[in-house]
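Have a look at the structure below, then the notes.
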Amino acid sequence: MEYLNLIEVRGRVGNVSIKQYGEGVNCRFSVISEYAYKDRNGEPVIDSVWFNCTGWEGRNIQDLEQLRRGMIVHLTGRIRTYKFTNDEGTDISGWEILVNSLKVEEDDVLQPQRSL
């Protein structure tokens, strides 16, 4: 049996941090994805989710230096969890997406997904 850890996200880029490691380029960035629906009372609701992402420039990820806040991206990757203790002794845990492929969308208008 083969296990699968795959996530696909389309959304708008938030914070971007790019670092050079030798000849490699690493980028840590956030992406917001939104889903719109109506609640029981018929009121519109937008559910927003932020994703922390990490990518290395390579075969499926090009020109990370061009990634900017507000760009619309479509990415795939796998989820990795992490846990550490900060300087104050507090345990911190969370998860991030390790990006396998990244595409900047040409369409500059991204609307939240609508439920039927």
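Predicted model, so just to flag it, every value in this text is computed and none were measured. Quick note: numbers below take in every heavy atom, side chains included, and nothing from hydrogens, waters or symmetry partners.
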### Query
Hey, any chance Leu98 and Phe51 share a hydrophobic cluster, counting ILVMFWY side chains that come within less than 4.5 Å of each other, even indirectly?
no

### Message
With a 4.5 Å cut-off on side-chain heavy-atom distances among I, L, V, M, F, W and Y, is there a chain of contacts connecting Val31 to Val49?
### Response
yes

## Note on the structure
In terms of heavy-atom contacts, Leu102 and Phe29 come closest through CD1-CZ, 4.3 Å

### Message
Could you report the tightest heavy-atom contact between Val99 and Gly55, atom names first, then the distance?
### Response
CB-CA, 4.2 Å

Would you be so kind as to tabulate the donor-acceptor pairs closer than 3.5 Å made by side chains of residues 83-97, with sequence neighbours excluded?
| residue | atom | partner | partner atom | Å |
| --- | --- | --- | --- | --- |
| Thr85 | OG1 | Asp91 | OD1 | 2.8 |
| Asn86 | OD1 | Glu88 | N | 3.1 |
| Asn86 | OD1 | Gly89 | N | 3.1 |
| Asn86 | OD1 | Thr90 | N | 2.8 |
| Asn86 | ND2 | Glu88 | OE1 | 3.3 |
| Glu96 | OE1 | Thr54 | OG1 | 2.8 |
| Glu96 | OE2 | Arg80 | NE | 3.1 |
| Glu96 | OE2 | Arg80 | NH2 | 2.3 |

### Task
Kindly state each residue pair satisfying side chain to side chain donor-acceptor pair (under 3.5 Å) with at least one member in residues 41-52, sequence neighbours excluded.
Glu34-Ser48

Sequence neighbours excluded and cut-off under 3.5 Å, please list the side-chain donor-acceptor pairs for residues 68-76, or say none.
| residue | atom | partner | partner atom | Å |
| --- | --- | --- | --- | --- |
| Arg68 | NH1 | Glu65 | O | 2.8 |
| Arg68 | NH2 | Glu65 | O | 3.3 |
| Arg69 | NH1 | Asn15 | OD1 | 3.0 |
| His74 | NE2 | Glu8 | OE2 | 2.6 |
| Thr76 | OG1 | Ser101 | OG | 2.6 |

Under 3.5 Å, which donor-acceptor pairs do the side chains of residues 17-27 form with other protein atoms, sequence neighbours left out?
none

### By side-chain hydrogen bond (donor to acceptor under 3.5 Å, both in side chains) - contacts of Gln66 (at least two apart)
none

